[in-house]
Amino acid sequence: MAGRVDLDGNTIKPITICMIGAGGFIGSHLCEKLMSETPHKVLAVDVSNDKIKHLLEPATLAWADRMEFHRINIKNDSRLEGLIKMADLTINLAAICTPADYNTRPLDTIYSNFIDALPVVKYCSENGKRLIHFSTCEIYGKTIGAFLPKDSPLRQDPAYYVLKEDTSPCIFGPIEKQRWSYACAKQLIERLIYAEGAENGLEFTIVRPFNWIGPRMDFIPGIDGPSEGVPRVLACFSNNLLRREPLKLVDGGESQRTFIYIKDAIEAVLLMIENPARANGHIFNVGNPNNEVTVRQLAEMMTKVYSKVSGESSLETPTIDVSSKEFYGEGYDDSDKRIPDMTIINKQLAWNPKTSLWDLLESTLTYQHRTYAEAIKQAMSKSTAN
Ligand SMILES: NC(=O)c1ccc[n+]([C@@H]2O[C@H](COP(=O)([O-])OP(=O)(O)OC[C@H]3O[C@@H](n4cnc5c(N)ncnc54)[C@H](O)[C@@H]3O)[C@@H](O)[C@H]2O)c1
Ligand SMILES: O=C(O)[C@H]1O[C@H](OP(=O)(O)OP(=O)(O)OC[C@H]2O[C@@H](n3ccc(=O)[nH]c3=O)[C@H](O)[C@@H]2O)[C@H](O)[C@@H](O)[C@@H]1O
């Protein structure tokens, strides 16, 4: 790892990173990358470390002196400022970020995504520390094209759907559609960070992930998460496949998404960490515009891939349609389409994603099957026995 250079040929010096939310899906992959490929030190802050235990034990691990875990809830813990001051860079990943919570736990969602992030921004700004903050592609909301007549040819015009950091508006539904509590909280924290940069010189980078998926995303209900929990779509569909249930298509699964493999996305984050001069002051879309599918097409592809990795035949009726009211409850609304413009990240960091949707699903569903199939079989045989 000695003599690693950045995009401008400068030697990369080891830094200390305070990573808040390090125990989550993205955090666990980012910690893996930092420990295995860089000399940097990580102060991992989270309320749980289940997904990074393999990086913390045993004490004989090569990087044991570079990885510390601090069990801290940033809502109310005086130790947070000290950790930010000890680090050169703070990365904030902490959030409630599962859509099932946005319309059912709007207050927790707003507090988690806006209020709880305020002290992190304040401590970084007051102590002259660099901040990389994780926002979301959801702050673009709906596309302009979504408001055109269904058969308008303009809907095929990229000007009406490509999402660009410095030109696209943020379009949310009405207040009663509480789904948008998350995206709106994320938008306001982005504006606050941007203002701290403009008025107080805070060195910041904002990341807008576009549906990053891979191993360790969320949980499988009833196995490593609450049975009535509703995770994001990868875990929902994986759970249905593991249990040989039809995949539920909310409102017919017509919404479109672009999915990117977590490992491609983590490459982009490492470039931001190690190229501050190119990343500071920027907001970056991080996604894969080549991997666009409707949710229905995702379900069909996951069914095919799962059948291949598990050796099990797929169901006669692999999907069923459900209403969003039934699946998520009152106040749900959705983004119609999410295509990231890649101009800024290409120019600043010369980064592009490389993994196709089929390939990322193959490696992810292989992980899901290997990790959960046995436990699901036990759970199901027990429930039929009772
Ligand atoms: N995964 C994606 O595709 C995606 C897309 C858009 C935005 N994001 C954003 O990226 C960030 C990380 O997302 P993720 O997919 O890893 O989610 P995640 O839920 O797996 O990770 C979030 C982590 O933050 C921790 N956390 C939450 N509140 C905390 C608190 N008060 N104190 C300490 N720790 C706390 C949680 O315990 C969890 O480990 C979030 O800000 C999310 O909004 C993710
Ligand atoms: O991941 C992201 O980039 C961002 O978007 C996600 O929002 P969304 O993509 O709507 O999250 P999912 O829960 O994965 O839903 C994706 C689509 O699948 C649909 N869905 C989900 C689950 C299911 O079982 N069936 C189903 O049709 C949803 O209605 C939605 O249209 C979450 O808000 C965050 O993780 C993040 O901000």
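Atoms within each ligand, like the ligands themselves, are counted from 1 in listed order.
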Distance-only side-chain donor-acceptor flag, Asp101 / Thr109, under 3.5 Å
no

Can you find a side-chain donor-acceptor pair between Asn352 and Asn346 that sits under 3.5 Å?
yes

Answer yes or no for Ser48: is there a heavy-atom contact with ligand 1 below 4.0 Å?
no

May I ask you to say whether Lys122 pairs ionically with Glu196, meaning some side-chain N is under 4.0 Å from a carboxylate O?
no

Distance-only donor-acceptor check, side chains Asp334 and Tyr328, under 3.5 Å:
no

Would you mind telling me if ligand 1 is within reach of the side chain of Arg208, the backbone, both or neither, using heavy atoms under 4.0 Å?
neither

Between Ser135 and ligand 1, which residue portion shows a heavy-atom distance shorter than 4.0 Å: side chain, backbone, both, or neither?
backbone

Looking at Arg244 and Glu312, is there a salt bridge between them, counting it only when a charged N and a carboxylate O are closer than 4.0 Å?
yes

Backbone, side chain, both or neither: what part of Arg232 comes under 4.0 angstrom of ligand 1, heavy atoms only?
side chain

In Ile132, Asp6, Thr38, the residue satisfying side-chain contact (heavy atoms from CB on, under 4.5 Å) with Ile273 is Ile132

Of all the atoms in ligand 1, which lie at a distance below 4.0 Å from a heavy atom belonging to Gly23?
39 (O)

Does the side chain of Glu32 pick up a donor-acceptor pair with the side chain of His54 at under 3.5 Å?
yes

Please write down residue, atom name and distance for the protein heavy atom closest to atom 20 (O) of ligand 1.
Phe25 N, 2.8 Å

Protein heavy atom at shortest distance from atom 21 (O) of ligand 1
Gly24 CA, 3.4 Å

Can Glu138 be said to touch ligand 1, with heavy atoms closer than 4.0 Å?
no

Could you work out, for atom 33 (C) of ligand 1, the closest of Leu30, Asp77, Ile72 by heavy-atom distance?
Ile72

Atoms of ligand 1, numbered as shown, that sit under 4.0 Å from any heavy atom of Phe134
10 (O), 11 (C), 41 (O)

Counting only heavy atoms and a distance below 4.0 Å, can you name the residues contacting ligand 2?
Cys97, Pro99, Tyr102, Thr136, Cys137, Glu138, Arg179, Tyr182, Pro209, Phe210, Asn211, Arg232, Val233, Cys236, Phe237, Lys248, Leu249, Val250, Ser255, Arg257, Val295, Phe327, Tyr328, Tyr332, Asp334, Arg338

With heavy atoms only and a cut-off of under 4.0 Å, state how Asn211 meets ligand 1: side chain, backbone, both or neither.
backbone

Which residue supplies the protein heavy atom nearest to atom 19 (O) of ligand 1, what is that atom called, and how far is it?
Cys97 SG, 3.7 Å

Does ligand 1 have a heavy atom under 4.0 Å from the side chain of Ile20, from its backbone, from both, or from neither?
neither

With heavy atoms of Tyr182 as the reference, note each atom of ligand 1 found under 4.0 Å away.
7 (C), 42 (C), 43 (O)

How does Phe219 reach ligand 1, if at all, at less than 4.0 Å between non-hydrogen atoms: by side chain, backbone, both, or neither?
neither

In ligand 1, which numbered atoms sit nearer than 4.0 Å to a non-hydrogen atom of Ile74?
30 (C), 31 (N), 32 (N), 33 (C)

Arg296/Asp321 ion pair, N-O < 4.0 Å:
yes

